[in-house]
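Predicted model, so just to flag it, every value in this text is computed and none were measured. The first residue in the sequence is number 1, and the count goes up from there. Note that ligands are numbered from 1 as they come in the structure, with each ligand's atoms numbered from 1 the same way.
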Amino acid sequence: MNDSPTTAPLHCGRHRLDLSYPRVMGILNVTPDSFSDGGQHTLLDDALRHAERMLAEGAAIIDVGGESTRPGASPVSPQQELDRVAPVVEHLVRELDALVSVDTSAPEVMREVSRLGAGMLNDVRALRREGALQAAACSGLPVCLMHMIGEPGDMQQAPHYDVDIEDAVLTFLDERIAACESAGLRRSRLILDPGFGFGKTVEHNLRLLNRMDQLKILGLPLLAGMSRKSMIGKVLERPVEERLAGGLALAALAVERGARILRVHDVGPSVDAVDMTWAVLQEGLEP
Ligand code: 7PJ
């Protein structure tokens, strides 16, 4: 059971990520305009202190992002992204020996951060930018492929799918896996993400979570990111700073539906929610 593709350890540079139980990825935004903690962690010192805290609270991975994917955010050049991300990656790797993931779609950024010791790539565009497949393949790192139709700037304009959302996501991810394999990126290096909040209505998001277990058929580890997202805001009518409890409920459910990595802002409470959920799911299974 533990060496099935969904739970086999991932080789992330010098780190090995045990996925025999669900792990928490802490979000570290280094953008001046990220929607939920915009501007709070732009300074290097603040970012590093925040990362240290997330690691102490039990984050297995720190996901560093220098491009805001907030709807309507202005595009950044690869150089701008690198200027934001590189010093943080370098420090987290050198001083804290952290497993660092970098949230980027830019091949230039992928190349440079893998040189700096990042252990994972996370691309909301699933390596569709020109040169991204090759850059990711050359990095030797695991890659998270996320489902999104359109671009962050236009994805929330009346999202529509001709088939059920879970089927659209499954087909898309299956095609991206094939593209990766053609580029020499082995299947065993991939992580899959349905892309909650990216080009989806609240109903799409809720249904997709409820049926997320259908993605297990692809035989790869699943990642879910719903922390503080507007699907919580819309259902509960809560502003972004009051979405923690809603997010914990979603994280627990994602674990039940097969997620092995939870991408979150609030690491401590999320680790508790995930570990508690996992304890229940394990009880009564064969020894
Ligand atoms: C996600 C992400 C997500 C992955 C963002 C936010 C928006 N990467 N990057 N999955 N979301 N893999 O954090 O709310 O859901 S940025």
Legend entry - Side-chain donor/acceptor of Arg187 to backbone N/O of Glu181, under 3.5 Å: no
Inset, instruction - Look at the rings of His147 and Tyr161 and say which category their plane angle falls in: under 30° parallel, 30 to 60° tilted, over 60° perpendicular. - result: tilted
Show the atoms of ligand 1 that are less than 4.0 angstrom away from any heavy atom in [X].
X      : value
Asp193 : 3 (C), 4 (C), 10 (N), 12 (N), 15 (O)
Cys144 : 12 (N)
Leu223 : 12 (N)
Val124 : 2 (C), 8 (N), 9 (N)
Asn122 : 4 (C), 8 (N), 12 (N)

Inset, instruction - Name all residues meeting the side-chain contact (heavy atoms from CB on, under 4.5 Å) criterion together with Arg207; count only those two or more places apart in sequence or in a different chain, and write none if there are none. - result: Asp164, Ile165, Glu166, Arg211
Inset, instruction - Name the option, out of Asn29, Ile27, Ile191, Asp103, that contains the heavy atom nearest to atom 9 (N) of ligand 1. - result: Asp103
Inset, instruction - Give the intermediate values and the outcome of side chain to side chain donor-acceptor pair (under 3.5 Å) for residues Ser105 and Glu67. - result: CA-CA 9 Å; Ser105 300; Glu67 181 209 8; 4.5 Å; no
Inset, instruction - Using distance alone, decide if ligand 1 has a nitrogen or oxygen within less than 3.5 Å of any nitrogen or oxygen in Lys229. - result: yes
Inset, instruction - Determine whether Leu248 and Asp272 make a side-chain contact, defined as any pair of heavy atoms from C-beta on separated by less than 4.5 Å. - result: no
Legend entry - Heavy-atom side-chain contact between Asp103 and Arg263 under 4.5 Å: yes
Inset, instruction - Would you mind telling me if ligand 1 is within reach of the side chain of Arg263, the backbone, both or neither, using heavy atoms under 4.0 Å? - result: side chain
Legend entry - Arg228 contact mode with ligand 1 (heavy-atom cut-off under 4.0 Å): neither
Inset, instruction - Could you establish whether Gly195 and ligand 1 come within less than 4.0 Å of each other, counting only heavy atoms on the residue side? - result: no
Inset, instruction - Output the distance between atom CD (Glu242) and atom CZ (Arg238), rounded to the nearest 0.5 Å. - result: 6.0 Å
